[in-house]
Amino acid sequence: MASPWQSKRNREAKCGQNQPSIPPQKDAYARLLSQHRSSKFSSYLEQYAKEDQVANDFSDSSDFSPSSMKSKGEESSLSLYMEKLSTRSAHQDCERKQGVSDRQRRGQRRDTTTSHDGDIESGEELCSFKPYESKKHQKQQKKNKDSNRDATSKEANSFVGHPKSPKKAITGEQEQEKVKKSKKKNLPKHPEEEENREGTLSGVDTQIKASCSSLLAPNANSPAVKSKNKRGGSKKQVFESYMTSEEVSHGLKRGELIQGQLRINPKKYNEAFIPSPDDTWDIFLDGIVARNRALNGDIVVVQVLPREQWKAEHTPSYDVDDQCKPISKHQNTTLTDTGTVVYIVEKKHSRAVTGFLKFLPDKRFAMFSPVDHRVPRINVPLDDCPENFSSRHGDYNTTLFICRITDWAGDSYFAEGRLAKTLGQAGEIEPETEGILTEYGIDFSEFSDQVLDCLPKNLPWTIPPEEMRKRRDLRNECIFTVDPATARDLDDALSCKQLPDGNFEVGVHIADVSYFVEQDNILDAVASQRATSVYLVQKVIPMLPRLLCEELCSLNPLTDRLTFSVIWKITPEGKILSEWFGRSVIRSCVKLAYDHAQSMIEAPDKMFAAEELPPVDPVHPIDEIHQAVLNLHSIAKNLRAQRFSGGALRLDQSKLSFMLDKETMMPQGCYVYQYRDSNKLVEEFMLLANIATAHHIYRRFPELALLRRHPPPKAKMVDELQELCDQLGINIDFSSAGALQKSLNNTLGDDEYSSARKEVLTHMCSRPMQMALYFCTGVLKEEQVFKHYALNVPLYTHFTSPIRRYADIIVHRLLASSLNCGPHLGLSTEEVEKQASHCNNKKTVSKRVQELSTELFFGVFVKECGPLDSEAMVMGVLDQSFDVLVLRYGVQKRIYCKSVGGLDSFQHRKVGKKSELTLVWTPEEQEKLPVEQIISVFTLVEVQLKADSVPMKYSAVLKRPDNSRL
């Protein structure tokens with residue numbers, strides 16, 4: 001039986017014959033239409049008059065965007081043109097009511113990467129499907145509700161009203177068929193004609209854009225259109241009014257509404273998703289109207305549409321010579337749960353974006369075009385723009401600005417905003433970096449005087465004698481750090497001493513940050529808000545003031561430092577005999593880089609000279625340090641073997657590193673980072689310390705412990721991947737983390753490309769993986785869900801990096817309290833869980849910003865040093881494009897068949913889950929036959945990386961294959 005809200009949504013608003021007839025329009029729009037009677041133009045204008053938004057009708061495209069597709073001259077005319085159409089009352093067909101909106105449907109997939117400490121951290125990659133369109137008629141809400149919503153929406157991170165469920169008017173079957181035929185006629189025929197969030201002008205349409213431009217009016221709620229409202233007339237609602245918090249609360253309790261975090265496809269911004277309540281599938285949100293002014297990352301409440309309105313997926317093939325018109329369709333379709341946003345619980349998105357200003361003649365506002373096409377265009381008052389912007393707007397064509405959205409009315413596709421800052425020239429690293437940090441809400445400001453007042457005043461600082469007496473003195477032990485060569489925040493140190501009985505005393509010593517960051521002072525508040533340090537290619541945005549990060553807390557060599565230590569008595573085989581936790585004092589004898597430790601591991605018998613290493617404490621000879629590294633390496637290998645034989649999983653993926661000019665910080669070279677035995681050595685003992693600490697604090701504080709769990713992969717996605725692997729002839733066992741690890745270790749061939757095939761397969765296996773999450777044990781009652789899937793351990797936490805992670809500081813406080821060497825944690829279960837959730841969010845954002853920084857620098861490198869040639873391996877195939885792993889640089893790029901030069905045609909074929917593209921290359925000589933190239937997973941191709949006209953962007957260009965590649 002249908003639920004009440006489904007019944008309500010299915011009521012029909014019939015178009016009766018007794019309705020009063022409306023006289024034909026006598027405005028410029030009608031005159032213009034009568035002057036251009038071509039079927040193409042008529043169809044075009046009728047389409048836009050009927051629809052609130054036209055979605056891109058290609059199933060896997062793309063990066064085509066408003067900013068990149070249109071010339072600057074077209075921008076202003078198009079913006080005004082769409083405004084005019086959005087304000088016009090609809091008098092066609094059955095007199096559509098105010099508030100009508102169209103939905104489009106799509107699907108999704110994920111991918112993840114594994115960090116060096118063994119945690120799975122997830123990003124997401126969204127696949128693309130053909131849209132399935134339907135009509136939704138709504139009642140316009142009362143003005144007082146919109147006023148309440150407008151006032152409330154200005155409060156960030158708070159409950160905000162969302163749209164009331166409207167009544168639907170379902171057209172008859174004949175009308176639906178008519179609409180479908182109309183849409184088929186208007187399919188774009190070229191990439192540059194694909195519709196974006198506001199539509200594009202092309203072909204015959206561009207011939208009359210000047211005439212259209214003079215007739216069009218902007219958003220009635222924008223700062224430029226007060227005069228129109230005085231003349232009367234009403235604005236058509238683009239978005240539904242938000243439901244009230246009471247309606248949402250009742251709907252969630254009854255299971256009629258679903259709450260989740262919004263994810264918008266960065267490659268196709270009209271596709272968005274939220275997870276289902278059990279997180280096993282996704283609900284699809286089709287187009288900006290369905291998102292209802294929510295932005296990426298926002299916590300939203302969604303109402304699922306009736307099943308007949310769900311999106312259907314199908315995969316057509318295209319021929320280049322036939323202007324990408326479908327030449328065949330596969331009827332293997334599936335339906336995807338489809339919904340619409342009715343409430344924004346929390347505005348996680350910062351509402352700050354980087355982009356460019358567009359001048360609009362005779363308007364009191366400028367159009368701000370965000371670089372991130374998931375964000376709407378924004379009307380900005382001219383008073384906010386540079387003083388000479390109106391007279392010299394061309395001077396600002398390549399200037400990056402930051403704009404903050406202040407409002408987004410329900411009757412406009414465009415938001416309202418204010419300029420926050422001028423960043424500088426697009427394409428320069430520092431302005432681009434500042435834009436990324438601002439857009440993702442990273443606090444990179446200098447620490448305030450109030451925060452700095454919390455730090456020790458008497459410098460150089462020394463450990464107070466009374467503090468020394470409370471701690472275990474380890475200053476005479478052979479303790480050293482192993483970190484990247486450029487690291488300044490040294491959180492962890494290692495020690496290894498052989499005992500007379502043949503066993504070892506192994507210690508992990510972690511900077512005691514909680515000694516300096518006291519609970520509940522302003523320094524603690526700022527650190528908890530930042531939650532993590534953010535690592536960019538050229539610099540670090542620290543969580544704590546640099547006096548702590550780089551000096552007082554950092555375990556710098558030849559300096560007394562406060563630490564938290566865990567010391568084990570352990571056998572050479574890696575069996576733990578005893579364990580000790582406590583506060584301590586150490587004095588690191590040397591700061592080793594990973595390269596130094598690797599050299600020691602690879603040359604066990606070599607006598608290292610002093611000049612081959614950094615400065616060493618004369619109390620500990622180089623040979624003693626060398627032997628300690630070798631002993632740790634031997635034990636770590638055994639620990640690692642035990643972990644993987646016990647069912648652990650590690651999904652390694654390429655990481656790009658750069659060589660920077662010390663003065664300009666510009667990239668001089670780049671390479672794929674090599675994960676070697678020295679990295680594995682450190683990782684094993686950090687994992688061991690984290691696991692040991694998790695058990696210790698959970699035993700002592702079962703309701704308060706801050707742990708880290710990793711849920712198993714999504715079953716539906718695993719099943720689909722299993723089917724694909726079976727079709728590819730790959731023997732993969734997804735029954736457990738350990739089984740998957742063993743499958744990945746099986747060599748995929750024995751040639752020079754086996755490692756590349758393994759990385760492609762690893763990427764495929766990463767997609768179903770979920771994110772690892774901090775949580776408070778008092779919130780989750782079943783211990784089974786505490787488990788860390790990838791590590792295959794029942795309890796895990798983060799203890800080893802308190803300089804850069806606030807979660808570790810909380811763990812340190814819990815540990816100190818459990819050992820009676822620190823105050824009780826002044827947080828409740830609910831407060832710990834809230835902080836855990838905040839740390840999860842900040843960690844996800846930090847990871848994304850780090851990825852964007854890497855993309856930024858690689859884009860500069862390609863521009864300065866390109867074009868760059870490389871072999872590449874196909875990672876995935878869609879109906880018009882395919883993804884490749886560029887082997888030389890470890891980057892992933894998508895290649896669109898429509899943009900491949902020299903291609904005569906292409907055809908897509910899909911059997912089950914296996915996709916394949918057949919590319920037909922135009923012969924280089926007339927007397928020769930066309931050359932066919934088959935593209936499927938693991939296909940090896942040649943690509944060239946070339947800089948785009950857009951600053952910092954680059955493309956992978958497919959090169960014509962030679963005979964050896966066919």
Side-chain angles (χ1 to χ4, degrees), residues 115 117-119 121 489 491-493 507-520 523-524 527-533 543-544 548 553 555 562-568 579-584 685-710 772-780 786-788 791 793-840 842-843 846:
S115 65
D117 66 357
D119 273 344
E121 313 298 352
D489 50 351
D491 326 69
D492 56 89
V508 171
H509 314 277
I510 307 300
D512 190 357
V513 177
S514 60
Y515 173 84
F516 296 96
V517 183
E518 299 178 3
Q519 292 188 59
D520 300 326
L523 171 59
D524 185 41
S528 68
Q529 183 60 34
R530 294 194 177 200
T532 180
S533 294
M543 181 182 76
L544 298 169
L548 293 183
C553 292
L555 306 183
L562 300 177
T563 50
F564 238 124
S565 298
V566 52
I567 299 174
W568 301 278
E579 181 178 84
W580 178 87
F581 284 96
R583 279 183 147 151
S584 55
F685 289 105
M686 297 304 111
L687 289 173
L688 191 62
N690 286 334
I691 293 168
T693 304
H695 284 272
H696 184 94
I697 63 173
Y698 180 57
R699 282 195 303 268
R700 180 65 178 81
F701 302 109
E703 297 294 315
L704 209 59
L706 177 66
L707 301 185
R708 189 163 175 82
R709 65 188 180 93
H710 181 216
L773 300 167
Y774 297 113
F775 71 102
C776 180
T777 53
V779 173
L780 299 178
F786 293 7
K787 183 177 179 181
H788 197 291
L791 295 175
V793 293
L795 300 175
Y796 187 69
T797 195
H798 276 165
F799 159 73
T800 54
S801 297
I803 291 178
R804 62 184 178 92
R805 293 189 304 229
Y806 188 77
D808 300 53
I809 294 179
I810 294 179
V811 169
H812 278 227
R813 290 171 178 167
L814 288 167
L815 186 58
S817 179
S818 72
L819 298 171
N820 297 316
C821 58
H824 181 72
L825 184 68
L827 296 174
S828 65
T829 296
E830 292 73 21
E831 289 170 328
V832 173
E833 177 62 22
K834 184 177 180 180
Q835 185 64 51
S837 177
H838 180 68
C839 289
N840 289 330
K842 286 295 188 179
K843 187 172 180 67
S846 172

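Sequence positions, counted from 1, serve as the residue numbers for this chain. The structure presented is a predicted model; accordingly, all values stated were derived computationally and were not measured.
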Run the side-chain contact (heavy atoms from CB on, under 4.5 Å) test on Val513 and Leu548 for me, step by step, so that the C-alpha distance in whole Å, both residues' side-chain angles and the decisive distance to 0.1 Å come before the verdict. CA-CA 8 Å; Val513 177; Leu548 293 183; 5.6 Å; no
Nearest 0.5 Å, please: how far is NE2 in His812 from OG1 in Thr563? 10.0 Å
Atom pair CE/CG of Met686 and Asp492 - distance to nearest 0.5 Å: 4.0 Å
Test your reading of the model: is there a side-chain donor-acceptor pair from Gln835 to the backbone of Ser528, 3.5 Å cut-off? yes
My understanding is that only residues two or more places apart in sequence, or in another chain, count here; which of them pass side-chain contact (heavy atoms from CB on, under 4.5 Å) with Glu831? Leu827, Ser828
Do Leu825 and Val832 pass the side-chain contact (heavy atoms from CB on, under 4.5 Å) test, and can you show the C-alpha distance, the side-chain angles, and the key distance before you say yes or no? CA-CA 10 Å; Leu825 184 68; Val832 173; 4.1 Å; yes
Could you tell me which non-hydrogen atom of His798 sits nearest to which non-hydrogen atom of Tyr774, and how far apart they are? ND1-OH, 2.7 Å
Judged by atom type as modelled, is there a donor-acceptor pair below 3.5 Å linking the side chain of Ser846 to the main-chain atoms of Lys843? no
If you round to the nearest 0.5 Å, how far is OG1 of Thr693 from CG of Leu707? 10.5 Å
When rounded to the nearest 0.5 angstrom, what distance separates CG in Leu791 from CG in Leu687? 6.0 Å
Specify the closest pair of heavy atoms between Phe775 and Leu780, including all atoms of both residues, with the distance to one decimal. CD1-CD1, 3.6 Å
Are Arg583 and Ser514 close enough that a side-chain donor and a side-chain acceptor fall under 3.5 Å? yes
Determine yes or no for a side-chain-to-main-chain donor-acceptor pair under 3.5 angstrom, with His838 supplying the side chain and Gln529 the backbone. yes
Parallel, tilted or perpendicular: which one describes the rings of Phe564 and Phe799, with boundaries at 30° and 60°? perpendicular
Answer whether the closest heavy-atom distance between the side chains of Arg813 and Val517 falls below 4.5 Å. yes
Kindly indicate, with the supporting measurements, whether the criterion side-chain contact (heavy atoms from CB on, under 4.5 Å) is fulfilled by Val779 and Lys834. CA-CA 10 Å; Val779 173; Lys834 184 177 180 180; over 6 Å; no
Counting N and O atoms only, with roles assigned by atom type, does the side chain of Thr532 sit under 3.5 Å from a partner on the main chain of Lys842, one being a donor and the other an acceptor? no
Donor-acceptor pair, distance only, cut-off 3.5 Å: does the side chain of Ser533 make one with the backbone of Met543? yes
Of all heavy-atom pairs between Leu562 and Leu555, which one has the smallest distance, and what is that distance? O-CD2, 4.4 Å
For Glu518, check salt bridge (Lys or Arg N to Asp or Glu O under 4.0 Å) against everything at least two apart and list the hits. none
Using side-chain contact (heavy atoms from CB on, under 4.5 Å), reason through Leu688 and Trp568 one step at a time and then give a plain yes or no. CA-CA 10 Å; Leu688 191 62; Trp568 301 278; 3.7 Å; yes
Return the minimal non-hydrogen interatomic distance between Ser801 and Asp808, and the atom names on each side. N-OD2, 2.8 Å
Check whether any side-chain N or O of Thr800 sits under 3.5 Å from a backbone N or O of Asp491 as a donor-acceptor pair, and report yes or no. no
Regarding Ser584 and His509, do their side chains bring together a donor and an acceptor under 3.5 Å, going by distance alone? no
Quick one: list whatever passes salt bridge (Lys or Arg N to Asp or Glu O under 4.0 Å) with Arg709, sequence neighbours left out. none
Heavy-atom pair of closest approach, residues Pro823 and Gln519: CG-NE2, 4.0 Å
What's the spacing between Leu706 CG and Thr829 OG1 if we round to 0.5 Å? 11.5 Å
Within-4.5 Å side-chain heavy-atom neighbours: Phe581 and Ser818: no
Can you classify the ring geometry of Tyr698 versus Phe786 as parallel (below 30°), tilted (30 to 60°) or perpendicular (above 60°)? perpendicular
Nearest atoms (heavy-atom pairs only) where Thr777 meets Pro702: OG1-O, 2.8 Å
Are any of the side-chain heavy atoms of Arg708 and Asn840 separated by less than 4.5 Å? yes
